[in-house]
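Structure record follows, encoded as structure tokens.
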Amino acid sequence: MSDHQLRTRTPAGPAPAPRTSGGSRAAAAFRAAAPALAVYAAARALGLLVFWAAASAAGKDPLGPLSGRWDSVWYQRIAEHGYRYTVTLPDGSVHSDLAFFPLLPALERAVSAVTPLTLGGAGLLIAWTAGLLAAWGIFAVGAQLHGRRTGVVLAALWGVYPTAFVQSMAYTETLFTALAAWTLYAVLKGRWIVAGALCVLAGLTRPSAAALIAALAITAAVTLVREYRDERRDERRDERRDERRAGPVLRRNARMIAGVALAPLGWLAYVVFVAVREGSPVAYFDVQAQWGNNIDGGRALAGFIAGLPWPAALGLCAALGLLGWLVVLCVRQRQPLPVLVYAITIVVISLIGAGYFGSRPRLMMPAFPLLLPPAVALLRLRTTGRTAAVLAVLACASAVYGAWTLLGAGPP
């Protein structure tokens, strides 16, 4: 056999798998995620059932708190009338509807226009559908990192989160989490353009999309630095650069850079819209400050803790310590960089703002990667029955807490 034949002959291998259509892949992905979706739906159904029973016993409308209170009212007003509403509080501060991002009200208006649903009903349909999509995306991330069983438990834990009742309300949490989870999954699979496009939508949903933008940007920057360092090392090893190797690297980086450049456009578009409308480049941040949502570095949180009775202050400090320990566990678990950056940034944003303290657990709810260490730990229990029992107890506790909160006076 000639030298040329030795260089060009390839070893025999298995026949390539038959190509599958996009519909077949989607169906297979849905079948894989079905247990996670079923467990998540059961947890949320339990929460709704407990709330319905509590509301009925109290003589209250079960649907009212889900679609007609707090932030959901602002979203529906935007859907119906556009951005034009402000309210002046007794202390003189002005609350403008420009504090709310436009994707949810736009979807509410569209769904209400093509269905018999009211804007409130459309908001609930969007939130519940997005909750299932979020659970699917969370499962996909968990399965990608630690296997399908971890993905199922991770989605279940997100569904029994203490403030998971918000997932059943006409709020943006489920919509944003769905977009964030699928964005992270796209990055893990190397689909940067898809990730950037999903991040655009997330940026039109909530200001916390800044965490997602940071995750993509930091991951891309680290990747570029590592590949540049590796290429320089290879060049020093071989004076003649291998163009066949460099070409694919450059093409892959081009798509990554394009995805990162695309990612902030939704968030920036809305900030620019508010700036033009109000005639000030910092108008959006002024609007948030009027709502008390400005960044103060954690002073408001410290002041809130200092003003509590000492048993409550100790309990809150213990909860914050647990939160910090979860972050440490995520680092020790060596979660992929985009997943880790996203979760930590969500936590930081939630803690350093000056807003209403009661909303902070809700603001941290999209940081689902924090639940990965508990999900892995639950799977170490000796039997599936014990894991299911723990999840059932958490689901009941979450349902009771949700009913108590929704029937209360304060916003979540």
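The first residue of the sequence shown is numbered 1, and numbering continues consecutively from there. Owing to the predicted nature of the structure, the values given are computational and were not obtained by experimental measurement.
Of all heavy-atom pairs spanning G159 and A43, the tightest one is O-CB, 4.0 Å. Residues P35 and V152 share a closest heavy-atom pair of CB-CG2, 4.1 Å. Of all the heavy atoms in C317 and I305, the pair that sits closest is SG-CG2, 4.0 Å. When all heavy atoms are compared, the tightest approach of P338 to A215 is O-CB, 3.4 Å. Taking every heavy atom of both residues into account, A36 and A155 meet most closely at CB-CB, 4.0 Å. Across A170 and L104, no two heavy atoms sit closer than the pair O-CD2, 3.9 Å.
Aromatic ring orientation, Y284 versus Y270: perpendicular (interplanar angle above 60°, classes split at 30° and 60°). Using bins of under 30°, 30° to 60° and over 60° for the plane-to-plane angle, the ring pair Y83/F273 lands in the tilted bin.
To the nearest 0.5 Å, atom OG of residue S72 and atom CG of residue L119 are 11.0 Å apart. Rounded to the nearest 0.5 Å, atoms OG1 (T174) and CD1 (I126) are 9.0 Å apart. In this structure, CD1 in I352 is found 4.5 Å from CD1 in I295, a value given to the nearest 0.5 Å. Rounded to the nearest 0.5 angstrom, I213 CD1 and T345 OG1 are separated by 11.0 Å. In this structure, I78 CD1 and Q76 CD are separated by 10.5 Å, a value rounded to the nearest 0.5 Å. In this structure, CZ on R191 lies 13.0 Å from OG1 on T183, to the nearest 0.5 angstrom.
Taking the centre of each ring, W70 and Y171 stay at or above the 6.0 Å mark. Separation of the W182 and Y185 ring centroids falls under the 6.0 Å cut-off. For W291 and W74, the ring centers sit closer than 6.0 Å to each other. The six-membered or imidazole ring of F100 lies near that of Y75, with a centre-to-centre distance under 6.0 Å.
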- Message: As a quick check of understanding, evaluate side-chain contact (heavy atoms from CB on, under 4.5 Å) for M364 and L351, giving each step before the final call.
- Response: CA-CA 9 Å; M364 279 187 273; L351 294 180; 4.1 Å; yes
- Query: Is there a side-chain hydrogen bond (donor to acceptor under 3.5 Å, both in side chains) between Y40 and Q167 once you walk through the steps?
  - Reply: CA-CA 11 Å; Y40 172 80; Q167 298 170 19; 2.8 Å; yes
- After noting the C-alpha distance and the side-chain angles of R44 and S168, does the key distance pass the side-chain hydrogen bond (donor to acceptor under 3.5 Å, both in side chains) rule? CA-CA 7 Å; R44 298 311 322 128; S168 299; 3.3 Å; yes
- Message: Test side-chain contact (heavy atoms from CB on, under 4.5 Å) on W192 and L216; report intermediate values, then the result.
- Response: CA-CA 9 Å; W192 283 91; L216 268 63; 4.0 Å; yes
- side-chain contact (heavy atoms from CB on, under 4.5 Å) between F51 and F165, intermediate numbers included: CA-CA 9 Å; F51 170 64; F165 63 89; over 6 Å; no
- Go through the steps for V153 and L379 under the test side-chain contact (heavy atoms from CB on, under 4.5 Å), then give the verdict. CA-CA 8 Å; V153 175; L379 287 174; 3.7 Å; yes
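Cation-pi check for R77 over Y85 is met; the charged atom lies under 6.0 angstrom from the ring centroid and within 45 degrees of its normal.
S96 is linked by a side chain to side chain donor-acceptor pair (under 3.5 Å) to nothing, counting only residues two or more places apart in sequence or in another chain. With sequence neighbours excluded, the residues satisfying side chain to side chain donor-acceptor pair (under 3.5 Å) with Q333 are Q335.
With 3.5 Å as the limit, one finds no donor-acceptor pair spanning the side chains of R360 and S350.
Contact check on E80 versus R109 returns no salt bridge, with no Lys/Arg side-chain nitrogen under 4.0 Å from an Asp/Glu carboxylate oxygen.
Two residues are said to be in side-chain contact when any heavy atoms from C-beta on lie closer than 4.5 Å; Y342 and P366 meet this criterion.
Here the side chain of S112 pairs no donor or acceptor atom with the backbone of E108 at under 3.5 angstrom. Remark: the backbone N or O of M365 is paired with a side-chain donor or acceptor of W158 at under 3.5 angstrom. At distances below 3.5 Å, at least one donor-acceptor pair connects side-chain atoms of R84 with backbone N or O atoms of H81.
Among L372, L145, V141, the single residue meeting the side chain to side chain contact (heavy atoms under 4.5 Å, CB included) criterion with T150 is L372.
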